[in-house]
Undergrad: 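Right, I'll just put the structure down here and ask away after.
Below, chains carry the letters A, B, ... as their sequence lines are ordered, and counting in each starts from 1.
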Amino acid sequence: MNAVTGTSARTRVNDFVIKIANVNGTGSASANGLLMKAIFRMGIPVVGKNLFPSNIQGLPTWYEIRVTGDGWTGRSGEVDIMVAMNLESYARDLKDVSPGGVLIYDSTWPRPSLLSRDDVTVLGIPLARMCNENFANARTRVLMKNMAYVGVVAALTGVDMAVIQTLVEEMFGAKPKLIPPNMQAVEMGYNYAKEHFTQPLAFKLEALDKTSDCIMIDGNTAAALGCVYAGASFGAWYPITPSTSLMDGFKSFCEQLRVDPETGKNNYCIIQAEDELSAIGMVIGASWNGARAFTPTSGPGISLMSEFIGFAYYSEVPAVLFDVQRVGPSTGMPTRTQQGDILLAAYASHGDTKHIVLFPANPKECFDFAVEAFDLAERFQTPVFVLSDLDIGMNDWMTPKLEWDDSRRPDRGKVYHAADLEKIEKFYRYLDVDGDGIPYRTIPGEHPKGAYFTRGSGHTKYGGYTEDSAAYQDVLDRILQKWKNAATKVPGPEIVRCGKPTRIAILTVGGCDGAAKEAIARLNAEDDLDIDYLRVRAFPFHPEIENFIANYDTVFVLEQNRDAQLRTLLVTETTARKDQLVSILDYAGMPANPHLIVDRVREHIASQG
Amino acid sequence: MNAVTGTSARTRVNDFVIKIANVNGTGSASANGLLMKAIFRMGIPVVGKNLFPSNIQGLPTWYEIRVTGDGWTGRSGEVDIMVAMNLESYARDLKDVSPGGVLIYDSTWPRPSLLSRDDVTVLGIPLARMCNENFANARTRVLMKNMAYVGVVAALTGVDMAVIQTLVEEMFGAKPKLIPPNMQAVEMGYNYAKEHFTQPLAFKLEALDKTSDCIMIDGNTAAALGCVYAGASFGAWYPITPSTSLMDGFKSFCEQLRVDPETGKNNYCIIQAEDELSAIGMVIGASWNGARAFTPTSGPGISLMSEFIGFAYYSEVPAVLFDVQRVGPSTGMPTRTQQGDILLAAYASHGDTKHIVLFPANPKECFDFAVEAFDLAERFQTPVFVLSDLDIGMNDWMTPKLEWDDSRRPDRGKVYHAADLEKIEKFYRYLDVDGDGIPYRTIPGEHPKGAYFTRGSGHTKYGGYTEDSAAYQDVLDRILQKWKNAATKVPGPEIVRCGKPTRIAILTVGGCDGAAKEAIARLNAEDDLDIDYLRVRAFPFHPEIENFIANYDTVFVLEQNRDAQLRTLLVTETTARKDQLVSILDYAGMPANPHLIVDRVREHIASQG
Amino acid sequence: MTSIVKPRIDKHLRRNQLGLTVRDYEGVMSTLCAGCGHDSVTAAFVQAFHEMNLEPHRAAKVSGIGCSSKTTAYFLGQSSGINSVHGRMPSVATGAAAVNPDLYYIGVSGDGDSLSIGIGQFAHAIRRNLNMLYCIENNGVYGLTKGQFSASADIGTKAKYGEVNEQPPIDPVLLALSLGATFVARGFSGDKKQLVPLMKAALAHKGFALIDIVSPCVTFNDHKGSTKSYAHTYEYYHPVIHADFVPEEAEITAEYQDGGAITVPMHHGGNVTLRKLGRDYDPRDRDQAFHLLRTREGSEVLTGLLYIDETKPDMGDMNRLPDEPLNVMDYSKLCPGSAKLAEVMKGYS
Amino acid sequence: MTSIVKPRIDKHLRRNQLGLTVRDYEGVMSTLCAGCGHDSVTAAFVQAFHEMNLEPHRAAKVSGIGCSSKTTAYFLGQSSGINSVHGRMPSVATGAAAVNPDLYYIGVSGDGDSLSIGIGQFAHAIRRNLNMLYCIENNGVYGLTKGQFSASADIGTKAKYGEVNEQPPIDPVLLALSLGATFVARGFSGDKKQLVPLMKAALAHKGFALIDIVSPCVTFNDHKGSTKSYAHTYEYYHPVIHADFVPEEAEITAEYQDGGAITVPMHHGGNVTLRKLGRDYDPRDRDQAFHLLRTREGSEVLTGLLYIDETKPDMGDMNRLPDEPLNVMDYSKLCPGSAKLAEVMKGYS
Ligand SMILES: Cc1ncc(C[n+]2csc(CCOP(=O)(O)OP(=O)(O)O)c2C)c(N)n1
Ligand SMILES: Cc1ncc(C[n+]2csc(CCOP(=O)(O)OP(=O)(O)O)c2C)c(N)n1
Ligand code: SF4
Ligand code: SF4
Ligand SMILES: [Mg+2]
Ligand SMILES: [Mg+2]
């Protein structure tokens, strides 16, 4: 019988990281999700990160569960308990464990003898052997091994087995026959650990009540729900990681919520296009015809859509594009995360073009901004980007329950319907009737007087073709004005002031939110630094952003790309001075963690004497 | 008999503008070119601008010939002699004449009586009638009308008829039968004017000797020659205005200079691709295989190529792209000029990407930079853009004769050939052997040891596939370093100092060159302002550019786009302070002229008190 | 040019059932070259729509880029239109038709627009059986960019400046057949008598109706040696099947009963009648269509309605679209409301 | 994974004329799912190249993106390769082949890569008769993005999670034929005995050689109801013509003389022999190929060399490319020198 001997003196309650190393295609993701959900159901906040390869079967994959009683939302960067199920990555995995941590491995086969660390507790459990003894079918054995290590971790950290039981029942609701073997596997691991390891681990779970108003959801699913609630009736797409699950989500919600119960017909239309050029073309066609339409994609898709994006911009057709960013350039690392398309989205297409871009930071904002994006696209008659990323889009985040206000109505922007057209003498598509830069549009086919011709070639404010300099410029200037006017209509920044006078701030965007806030807290606690915080939520920049920056000597601009793309936009589109803006760049493909931020801030402050 | 009565007192010698308004598809372009060439052959510098519609036949078209004894290279913006051959644009054309100017029209039919100006001399000549009387065939009549007005202008301004005779002979060298009727038409107009108009015009030509070392050539033709001399052996393209003539030129030069006299085989390959995505793919394939390859296109093409551009950047395949810019966004005005793709070219594609961009200002630089572009692309193993525009590319510019140094050899960059490979132990494609950020490449098929695998997905410095953060970042950081190192290897800026201490400068790019220099001269002469000058010729910015900017309080940044794209790059990529850089934006589609610059500089200086 | 106002002398023009004359089906003045085949196609459109009693504003015009694509501005001035980007009209039409299947979608494209840059979207619109009339104004060249060979140029065709094409042409008709198109026809801009009825039949078809129209480019591809010239087309022109649409209320007249006309009942009412001209050939038989096309290769310009299948589901059917178009569907039918959301949330708790 | 070193136990393996064993034709370890059809195709490539005595470094591998496109890393580890972007391999191959026609271009694509996003480039590579071996590893789904229907999914095919495809499939073989392809074959990853000889014949062909290979995706499209599953393919599998390459020096053996083999002499030497299997069919006759394909529709998976034409000019011929590849041509042949430039300048003075 192995005795667990932690090198760490004190027990860490509800504050540690479990990482599971496995081979993809072995069904481990659902077991890992189950483990995380169980902790969440115990009322303890969690952060989950699925680090998977761009491949279907056979390559290393990891799942990180951060248990964070304090409710941090970023990745921690530490590993306290490593479940090392993959022989191939075993050496790396052992190396990654933080001093004082624990490593659990399958002791069915001898583990590489050379690999070992004094400062890590290594626990072997014959998972494969136990599964082979208890289950007949080969695939079942593989699957059950995953459930077995869930049981082991449950025993060692104190996961409530009743919660696991409930979750397994929910999981196999449709196939109740699968419940007993799965519970058997969990219990097998649980019992083995209980029997063989006597001393408690240094890492313990204790039930809290901090998650009852929350859900665990990924950003793509939340965005899909946002599209449903925004009243989007048309979606076109071409599959691409990590955006695929957005359309999968939209489809399944529509099947559930949007099929006419009487006729069985669909109150939506989803088309899998032949490529991204076609997907955006379809969205433009549907929008032009008066429907709310969107396409989810990732970087390569945006590159391919560039020509059409300029068309929509110049001919003023609304369109909503979700760019769930992955690591670029080119094919890059399709299953890693980055914020590398910020500049592209802001200025996509040839010629002078500026777009509206929303930057959600978590699934809740994916939902909210999806809804917002359709309003903005129709209000400003222009393409609107929702710039999410793989981390937000594909990982399950703890987030407040999504809610809907039934009195909310979509803002369809300025549309002359039949009755309006009856009243006016003549309709001109690009005329700035109200002086706000936004012309009126009509729904093709609705009324003879509303007919107009849309083109991406030079046109006058009346909508006619032109090659005349002044007439051309008139329209192009108005379009810029319209974009500028959007600055106060897009979501304003999130600002968190530390409450003390300070000359330092951190400014960031999207999913860096949690890591930045945690870094600020640490720098306050450990270095006694007072730091204010701003998170950009949209482009064009809300005036509050430049007002905020004006108050600091140093604004650290934290973003996940190599080229400081957000900083470029800030420098270009606000009054901020360049010397105020100090970049912190974290672009290696992993969800942001506070370490790098803390280090960079310290370095910078030290360098300033 | 009409008497010519100029309202202007003094006669302007070799300094006026002739503008011809016509209908396109009537063959006027060659007549207009002939007129300009005749003046050029008289040793008098000229600037020609063809302002044509995006259509094949029937729409208004204009041709401007600026006679500039002082040798200015920009457009003047004035019209002194208007040849108003198009009834449809007659009203506009009359309005465009500068006070004191002359308007010539076809008096065969009565001219709109309401339209007339006191400050313009209007001369009617029954051109159509004369042609109908003298020529039988309908098409001939149309063509000869053009030659006839050439004769009229020749008589009124003093074009040397012997020069015209020579030019007509050269023009119809292949079809000598056409010489007599064409000369007949010219003389018809000439004689009519001489007979009917007694008093001399206020605008006169006097032969000079200022053009003998020069040629008249358009930038696309010059760039095509550059590709030939650079040793480019592969070109792929998809037709798009205004880049089409670049490949037409390359093709005809190759037919002339690159067909093996013995075998009749082509020492080049040109492929008309099915679209721009394919064109750039072919260029990448040919470059990857070791040939020098290029594609000419315009804005919409660059948008479509975006995905592949990122691939070439990240997998480090050389490629040369000519973007002959036209007015955007979208289809925009395909036959008007703009510098609207600067930002796009600099950062094209999703993810972190930065490119080398060259900015020629005239046909000579189109030639030089075409040659340079291939060297840079192969040296830095990356896509290189040559950013020309419609004005430079399609208009005939007076430019010094192109010359070639026979000792010049292409810089093919770092290539391990068979002999090199024999010497080394193992070849790794992405290894920074020399510490300059540039790895070695090989020619596929040349030697077994040189085989490697190229991909746009994450790779290590050894060339293997990776999803490892550190290995990925290592390569991406090196690529950035490589790009930065290019700053001192690209063409440096053109700097013209006024010779006096000053705190003001004008900074510009490309074809704005002439207008900027003329504006500086005028501001000096008229406002006593001392202004220094810098013209950016490449991106990444040569360090001289930021050193230059540092010396001024105000640097006017003149460019032809709405969104101050060059200024954005300067702010982002140099130490320039934003408050130093004052934009002058001229984006209505016409070649730059000094007026707007002079006005804006004055306004700014006035606003500063 | 939109600036030129056309003279309207329509007093004595025939009015259709809606009381409209052909003038009501015209658009702005053409800016194409005098004699361009595309202008004749425009005229045929005007006549066909007039005869079909189409309410002008119930049509939507879609096109790409090219001289051909410009023509959607020259007819149906009272319809909305969208002139998109080069080669991508089918996708725009797909999105538009998905959210409002009730309009008539009239697509105009060129051989460059559809067979080079746009061949992918063209192929996939066929595959989806998108309900639209899709005309390729096929002249074998890129007109607007001044005369390069297009992918429909035949082997041996001479360009205006002497170059000879060596690449095999892409025949949109054969391509469409091999991709499963449900209405495949070829016309000639010079034969309005054939073209107008074809257009009417195509409008009545539920699904993708392709009319490949040989439409000579007088400026760049009408010389000797060009197989897309007027002269060449007249010489090798061979009408195979005459098709016309007969509205429900009308009787199939004797004219059609001659020569053993075939009547195809159309999904939205009315019939398309098919009359054989010279060959024993049934355009409802895909095998025969293939056979005819591959045996004619190069020697004849076969025209008429070469294949029709009125039984296949169109894109709307395959997507189970509701009767009420999505673009006007009330928000209450689209938004499931807060209670449903609360229910959905349970799955994530 | 490049990190895994394969064990090399090749002492007893057969050596070809170059003294190489099959090991010399392998690449890095496959990362595909166990049982994936694509891995069998990779194995067939290895065998075919070995048997053809191909010098490994004289091949160039090109591909797009997808599980299928990944496989070019798994064979010919001693050849250069380029794994480009999704659907655009043909253009990269075109540029590469234009400047060095002397290498063997081996293209691997998927049904998503070639028939959806890449159908335009696929069509135009055929039209150019680009000299390459082009394999579509056709599984009816997007494997890498986890199981969406591709454009080759048959009507009625059931997806793993129940959805039924209603859109007509694009058959790359019929499409290639209608676009004038000069070598059109279909194989099955499960029948290496047929596939290897087909690959050898395709390599010997001068021009575009398509092999559409049914290559089941065990993870997302191998269930009941999928017409691209192993089970379905075995059941409806129908080899029509057996083709093999016989090098110049070898005699046409008796095996081939049985059953009335046809011998097609290849441009670069050697012969391709064609043996009929069960049907009276001549794959040199395009009409017959069309006929066979359109009559089989849906009922059989016809495999073998369905069409061959060795007489057509390839892209190199049409572009009059020189014997010396452009990529290694000396600069002195490319740069006309200063004197010529001075002459050219006269035209602009
Ligand atoms: C992306 C893009 N590439 C190129 C062009 C230039 N272009 C305009 S029309 C055209 C070809 C038109 O040919 P076709 O469709 O046959 O029309 P036609 O003019 O012959 O009627 C091209 C290449 C463009 N507008 N957009
Ligand atoms: C521009 C772009 N869009 C989408 C993707 C995502 N993607 C990768 S592979 C693939 C489909 C692959 O299908 P197929 O070619 O049939 O290959 P298989 O995996 O089935 O072998 C897609 C859509 C991508 N890589 N690039
Ligand atoms: S160029 Fe040709 S296609 Fe274009 S308008 Fe003229 S005749 Fe018609
Ligand atoms: S997902 Fe399908 S195609 Fe991809 S490797 Fe697995 S079995 Fe093969
Ligand atoms: Mg055409
Ligand atoms: Mg596939």
Side-chain angles (χ1 to χ4, degrees), chain A residues 215-217 225 228-229 231-234 236 253 257-258 260 263-271 273-275 277-291 293 307-308 311 401-406 409-410 442-445 447-448 450-457 464-465, chain C residues 1-3 28 55-62 65 72-73 77-85 88-100 102-103 120-121 123-124 127-128 315 319-323 325-329 331 333-338 340-342 344-345 348-349:
Chain A
I215 50 170
M216 291 296 296
I217 196 168
L225 267 173
V228 172
Y229 276 79
S233 56
F234 183 83
F253 288 126
L257 303 167
R258 279 267 194 87
D260 191 300
T263 63
K265 296 267 176 97
N266 296 339
N267 288 343
Y268 65 93
C269 179
I270 297 171
I271 297 195
E274 58 274 25
D275 61 16
L277 292 97
S278 181
I280 183 69
M282 292 177 189
V283 166
I284 288 171
S287 276
W288 176 76
N289 234 352
E307 190 195 16
F308 250 137
F311 173 81
K401 276 198 182 102
L402 306 180
E403 284 173 0
W404 188 252
D405 171 2
D406 285 322
R409 285 290 165 277
T442 58
I443 308 299
H447 192 278
Y452 70 97
F453 200 83
T454 302
R455 51 160 68 79
S457 48
Y465 179 78
Chain C
M1 288 290 300
T2 49
S3 59
V28 300
E55 281 182 279
H57 76 284
R58 300 299 292 167
K61 303 170 294 180
V62 286
I65 301 285
T72 50
Q78 298 171 49
S79 308
S80 285
I82 183 163
N83 190 193
S84 65
V85 294
R88 317 292 176 193
M89 170 264 275
S91 62
V92 174
T94 304
V99 302
N100 188 3
D102 288 354
L103 302 185
Q121 297 210 343
H124 284 268
R127 212 182 144 238
R128 292 189 184 96
M315 188 183 74
N319 284 284
R320 277 178 312 188
L321 294 187
D323 293 338
L326 292 169
N327 69 334
V328 295
M329 188 166 276
Y331 182 58
K333 288 200 190 159
L334 300 173
C335 178
S338 62
K340 286 271 187 205
L341 186 59
V344 169
M345 285 303 99
Y348 298 89
S349 300

Undergrad: Rounded to the nearest 0.5 Å, how far does CG of A:N267 lie from SG of C:C335?
TA: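 C:C335 atom SG to A:N267 atom CG measures 12.5 Å (nearest 0.5 Å).
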Undergrad: Considering residues at least two apart in sequence or located in another chain, which fulfil the side-chain contact (heavy atoms from CB on, under 4.5 Å) criterion with A:S233?
TA: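 For A:S233 the side-chain contact (heavy atoms from CB on, under 4.5 Å) partners, ignoring immediate neighbours, are A:A291, C:L326, C:L334.
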Undergrad: Provide the closest heavy-atom pair for A:E403 versus C:L341 in the form atom of the first, atom of the second, distance.
TA: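 Smallest interatomic distance, heavy atoms only, reads C-CD2, 3.5 Å.
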Undergrad: Below 4.5 Å from any heavy atom of chain A, which atoms of C:V92 appear? Answer side chain, backbone, both or neither.
TA: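 For C:V92, heavy atoms of backbone and side chain both lie under 4.5 Å from chain A.
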Undergrad: Does C:S349 use its side chain to pair, donor to acceptor, with the backbone of A:I215 at less than 3.5 Å?
TA: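 Such a contact is absent between C:S349 side chain and A:I215 backbone.
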Undergrad: Sort A:I271 into side chain, backbone, both or neither according to what part of it lies under 4.5 angstrom from a heavy atom of chain C.
TA: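 For A:I271, side-chain heavy atoms alone lie under 4.5 Å from chain C.
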Undergrad: For the candidates C:P325, C:A59, C:S79, C:A97, which exhibits the highest count of non-hydrogen atom pairs separated by less than 4.5 Å from chain A?
TA: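 Result: the option with the highest number of such pairs is C:S79.
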Undergrad: Identify the heavy atoms of A:A451 and C:S80 that sit nearest to each other, and give their distance.
TA: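 So the two residues come closest at CA-OG, 3.4 Å.
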Undergrad: Using a cut-off of under 4.5 Å on heavy-atom pairs, state which of C:D102, C:I65, C:T72, C:D323 scores highest against chain A.
TA: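 Maximum pair count with chain A is reached by C:T72.
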Undergrad: How would you list, by chain and number, every residue that makes a side-chain contact (heavy atoms from CB on, under 4.5 Å) with C:H57, sequence neighbours excluded?
TA: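 If we apply the side-chain contact (heavy atoms from CB on, under 4.5 Å) test to C:H57, skipping adjacent residues, the hits are A:P448, C:E55.
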Undergrad: Chain A heavy atoms under 4.5 Å from C:V62: which part of the residue, side chain, backbone, both or neither?
TA: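 No part of it gets close to chain A.
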Undergrad: So what's closer than 4.5 Å to chain A heavy atoms on C:P336: side chain, backbone, both or neither?
TA: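 Backbone plus side chain of C:P336, per the 4.5 Å heavy-atom cut-off to chain A.
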Undergrad: Using non-hydrogen atoms and a 4.5 Å limit, figure out which bit of A:V228 sits close to chain C: side chain, backbone, both or neither.
TA: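 Both parts, backbone and side chain.
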Undergrad: When only pairs under 4.5 Å are counted, which of C:A93, C:A60, C:G120, C:S84 shares the most heavy-atom pairs with chain A?
TA: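 Option with the greatest count: C:S84.
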Undergrad: Quick check for you: among A:S457, A:A293, A:G290, which has the greatest number of heavy-atom pairs under 4.5 Å with chain C?
TA: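 Option with the greatest count: A:G290.
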Undergrad: So which atom in A:G445 and which in C:L103 form the shortest heavy-atom distance, rounded to 0.1 Å?
TA: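 A:G445 and C:L103 have their closest heavy atoms at CA-CD2, 3.8 Å.
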Undergrad: With rounding to the nearest 0.5 Å, note down the distance linking OG in C:S91 to CD1 in A:I280.
TA: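 One gets 9.0 Å once the value is rounded to the nearest 0.5 Å.
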Undergrad: Between A:W288, A:F308, A:W404, A:F253, which shows the greatest number of heavy-atom pairs under 4.5 Å with chain C?
TA: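 The answer is A:W288.
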Undergrad: Do the side chain of A:D406 and the main chain of C:S338 share a donor and acceptor less than 3.5 angstrom apart?
TA: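 The answer is yes, because a donor-acceptor pair under 3.5 Å joins these two groups.
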Undergrad: Report the distance from atom OH of A:Y452 to atom CD1 of C:I82, rounding to the nearest 0.5 Å.
TA: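 A:Y452 OH to C:I82 CD1: 7.0 Å, rounded to 0.5 Å.
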Undergrad: For C:K340, I'd like to know if atom NZ has over 12 heavy atoms of other residues, nucleotides or ligands within 6.0 Å.
TA: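 No, NZ of C:K340 has 12 or fewer neighbouring heavy atoms, counting only those of other groups under 6.0 Å.
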Undergrad: Please determine whether the number of non-hydrogen atoms from other residues, nucleotides or ligands lying under 6.0 Å from atom CZ of C:R58 exceeds 12.
TA: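 For C:R58, atom CZ is crowded (more than 12 foreign heavy atoms under 6.0 Å).
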Undergrad: Among A:T263, A:L277, A:D275, A:I270, which has the most heavy-atom pairs under 4.5 Å with chain C?
TA: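 Option with the greatest count: A:L277.
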Undergrad: Does A:Y229 use its side chain to pair, donor to acceptor, with the backbone of C:G337 at less than 3.5 Å?
TA: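 Flag set: sc A:Y229 to bb C:G337 pair under 3.5 Å.
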Undergrad: Side chain, backbone, both or neither: which part of A:D260 has a non-hydrogen atom closer than 4.5 Å to chain C?
TA: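 A:D260 has no heavy atom closer than 4.5 Å to chain C.
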Undergrad: Among C:R127, C:K333, C:R88, C:M345, which residue forms the greatest number of heavy-atom pairs with chain A at distances under 4.5 Å?
TA: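 Greatest number of close heavy-atom pairs with chain A: C:M345.
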Undergrad: Pick whichever of A:S278, A:G456, A:G450 has the most heavy-atom pairs under 4.5 Å with chain C.
TA: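 Maximum pair count with chain C is reached by A:S278.
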Undergrad: Backbone N or O of A:R455 within a donor-acceptor pair of the C:N83 side chain at under 3.5 Å?
TA: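 The answer is no, because no donor-acceptor pair under 3.5 Å joins these two groups.
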Undergrad: Using non-hydrogen atoms only, which part of C:M89 is less than 4.5 Å away from chain A: side chain, backbone, both, or neither?
TA: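 Nothing of C:M89, per the 4.5 Å heavy-atom cut-off to chain A.
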Undergrad: Relative to chain C, which of A:P444, A:A279, A:G264 shows the most heavy atom pairs under 4.5 Å?
TA: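 The residue among A:P444, A:A279, A:G264 with the greatest pair count is A:P444.
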Undergrad: Are the side chain of A:N266 and the backbone of C:N319 linked by a donor-acceptor contact shorter than 3.5 Å?
TA: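 Present.
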Undergrad: Can you tell me how far the CZ atom of C:R128 sits from the CE atom of A:M282, to the nearest 0.5 Å?
TA: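 If we round to the nearest 0.5 Å, C:R128:CZ and A:M282:CE are 3.5 Å apart.
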